[in-house]
Amino acid sequence: MEFSITDESSLFPVNAITQADWREAFIRLLDNLLEKQMQFTFEREEVCKKIAFRLQDWIDINTKQEGEFGRESYEAFDRKIPIRTKNAKLLFVSEVRDFLFLQKDLAEEAGMELDAFVQTLYFPSEMSEMSGKKGLKDLLTTHSNEKVNVNTARKEVLVVLFTGQEQAVEDFTIRVLAYRENPDNEDKLESLGWLETIKKDTSQNVSWQASMFQSASNYYSVKVSGITPKGTKQALAFLVRSKVNGKGKMTTTYREMYVPEN
């Protein structure tokens, strides 16, 4: 039996991209994923903006196209009736993969086959030339309070939540990772003030929105995989940690048992 716990608060809350600051951070995340595949910055930036605005239209509850890059419907590949946007929050990250498969025109703009386009963004680790690289499958969450825990966030997420000159942001992110991993700083991580401490110590012109961060985790997912007489099965549950009468409590928000795909 295999057992794993994921800190969902360490991941990028994709449903938050209906807010401008989160959408801009998502564009930077997409840009980082496509950087090796699209060398021309201007074209890459436009493709990333189109993905972000279209996904915002897919998620938001209104049926109005978001700016010049948004889209509320798509031509279906095998039927005459167009596919309408969901206009509701995503329940699972896999819905992003399904959304990307509708972006055939953007794959063409990127000079890529649709399958390669989706794979580069969603699960690049399965491509031999990008082995070990994380994609949207690894970096997004649909279960959160739309804040990221600065103390556990993955580097690929942190680096897009800071703004400033590219090299300054990269250097600052590395310092953040080093600071929080230093045992001597453990008692200083309970608030977000230590970010300002690093900024003052380094004099780097980097900024961030404090409302996008928190200093604790409260959303988790648990996955259990095992072999039964009927074959391999997996169980998935999403948990929320809260306090009731001063005591910690874990609440299950979703759970399912399923047979994993080959």
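Just so you know, residue 1 is the first one in the sequence shown, and it goes up from there. If you're wondering where the values come from, they're calculated on a predicted model, not measured in any experiment.
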* To do: List the steps and the verdict of side chain to side chain contact (heavy atoms under 4.5 Å, CB included) for Met212 and Glu146.
  => CA-CA 7 Å; Met212 301 170 81; Glu146 300 187 352; over 6 Å; no
* Asked: Are Leu189 and Tyr179 side-chain neighbours, meaning at least one heavy-atom pair lies under 4.5 Å?
  -> yes
* **side chain to side chain contact (heavy atoms under 4.5 Å, CB included) between Phe12 and Ser144, worked out** => CA-CA 9 Å; Phe12 189 103; Ser144 77; over 6 Å; no
* Do Asn149 and Ser217 get their side chains close enough for a donor-acceptor pair, meaning under 3.5 Å? -> yes
* Check whether Val240 and Val148 end up in the same hydrophobic cluster, where Ile, Leu, Val, Met, Phe, Trp and Tyr are linked by side-chain heavy atoms less than 4.5 Å apart. => no
* Should we say atom CZ of Arg23 is surrounded by more than 12 heavy atoms from elsewhere, each under 6.0 Å from it? -> yes
* Is the backbone of Gln56 close enough, under 3.5 Å, to the side chain of Thr18 for a donor and an acceptor to pair up by distance? -> no
* Is it true that Phe172 and Trp208 have ring centroids separated by less than 6.0 Å? -> yes
* Asn15 versus Thr142, side-chain donor and acceptor atoms under 3.5 Å -> no
* To do: Test salt bridge (Lys or Arg N to Asp or Glu O under 4.0 Å) on Asp105 and Arg54 and set out the steps.
  => CA-CA 12 Å; Asp105 61 318; Arg54 290 181 183 186; 2.9 Å; yes
* Asked: Do Tyr74 and Phe99 come close enough that some side-chain heavy atom pair is under 4.5 Å?
  -> yes
* Asked: Between the side chains of Gln167 and Asp171, does any donor sit under 3.5 Å from an acceptor?
  -> yes
* Asked: Under a single-linkage definition using a 4.5 Å side-chain heavy-atom cutoff for Ile, Leu, Val, Met, Phe, Trp and Tyr, are Phe26 and Leu161 assigned to the same hydrophobic cluster?
  -> yes
* Salt bridge present between Lys86 and Glu95 (N-O < 4.0 angstrom) -> yes
* Can a salt bridge be assigned to the pair Glu196 and Lys200 using a cut-off of 4.0 Å between side-chain N and carboxylate O? -> no
* Checking side-chain contact (heavy atoms from CB on, under 4.5 Å) against Leu136, which of Val14, Val93, Leu100 comes through? -> Leu100
* Ignoring hydrogens and angles, tell me if any N or O in the side chain of Lys147 forms a donor-acceptor pair with the backbone of Ser211 under 3.5 Å. => yes
* For Lys49, does the NZ atom sit with more than 12 other heavy atoms under 6.0 Å from it, leaving out its own atoms? -> no
* Please determine, by modelled atom types, if Glu8 and Ser221 share a side-chain donor-acceptor pair under 3.5 angstrom. => yes
* To do: Might you work through the side chain to side chain donor-acceptor pair (under 3.5 Å) test for Thr85 and Asp57, ending with a clear yes or no?
  => CA-CA 7 Å; Thr85 54; Asp57 271 336; over 6 Å; no
* Asked: Salt bridge or not for Lys104 and Glu113, using N-O below 4.0 Å?
  -> no
* **More than 12 heavy atoms of other groups within 6.0 Å of Glu181 CD** => yes
* Between Leu192 and Leu177, is there a shared hydrophobic cluster once you connect ILVMFWY residues whose side-chain heavy atoms come closer than 4.5 Å? -> yes
* Using a 4.5 Å cut-off on heavy atoms from C-beta on, say whether the side chain of Trp58 contacts that of Asp98. => no
* Shared hydrophobic cluster for Phe53 and Leu33 (ILVMFWY, side-chain gaps under 4.5 Å) -> no
* **Glu72 vs Lys64 side-chain heavy atoms within contact, under 4.5 Å** => no
* Is the backbone N or O of Leu121 less than 3.5 Å from a side-chain atom of Gln119, with the two atoms forming a donor-acceptor pair by type? -> no
* Less than 4.5 Å apart, any side-chain heavy atom of Trp22 and any of Pro13? -> yes
* Asked: Could you walk me through whether Val160 and Ile27 pass the side chain to side chain contact (heavy atoms under 4.5 Å, CB included) check?
  -> CA-CA 9 Å; Val160 302; Ile27 291 171; over 6 Å; no
* Is NZ or CZ of Lys199 both nearer than 6.0 Å to the six-membered ring centre of Trp194 and within 45° of the ring axis? -> no
* Does atom CG of Asn62 have more than 12 heavy-atom neighbours from other groups under 6.0 Å away? -> yes
* Would you check if the side chain of Asn87 reaches a backbone N or O of Thr63 as a donor-acceptor pair within less than 3.5 Å? => no
* To do: Decide whether Asn145 and Gln214 meet the rule of one side-chain donor and one side-chain acceptor closer than 3.5 Å.
  => yes
* Asked: Do Ser225 and Glu2 have side-chain atoms, one donor and one acceptor, less than 3.5 Å apart?
  -> no
* Hey, mind stepping through Phe162 and Phe213 against ring-ring contact (aromatic ring centres under 6.0 Å, His included) and telling me if it holds? -> CA-CA 11 Å; Phe162 300 129; Phe213 288 111; 5.8 Å; yes
* Measure centre to centre between the rings of Tyr219 and His143, then say whether the value is under 6.0 Å. => no
* Asked: Do Val206 and Val150 share a hydrophobic cluster (ILVMFWY, side-chain heavy atoms under 4.5 Å, transitive)?
  -> yes
* From CA spacing to verdict: side chain to side chain contact (heavy atoms under 4.5 Å, CB included), Arg180, Asn185 -> CA-CA 7 Å; Arg180 73 185 195 187; Asn185 297 325; over 6 Å; no
* Apply the test salt bridge (Lys or Arg N to Asp or Glu O under 4.0 Å) to residues Glu170 and Lys155: give CA-CA distance (whole Å), side-chain angles for both, the deciding distance (0.1 Å), then the verdict. => CA-CA 10 Å; Glu170 178 70 20; Lys155 180 187 177 184; 2.8 Å; yes
* Please identify each residue that fulfils side-chain contact (heavy atoms from CB on, under 4.5 Å) with Thr163, with sequence neighbours left out. => Arg28, Ser207
* Please confirm whether the backbone N or O of Ser73 pairs with a side-chain atom of Arg71, one donor and one acceptor, at under 3.5 Å? => yes
* Asked: Near Gln165 CD, under 6.0 Å, is it more than 12 heavy atoms from other residues, nucleotides or ligands?
  -> yes
* So do Leu11 and Leu140 actually touch side chain to side chain, heavy atoms under 4.5 Å? -> no
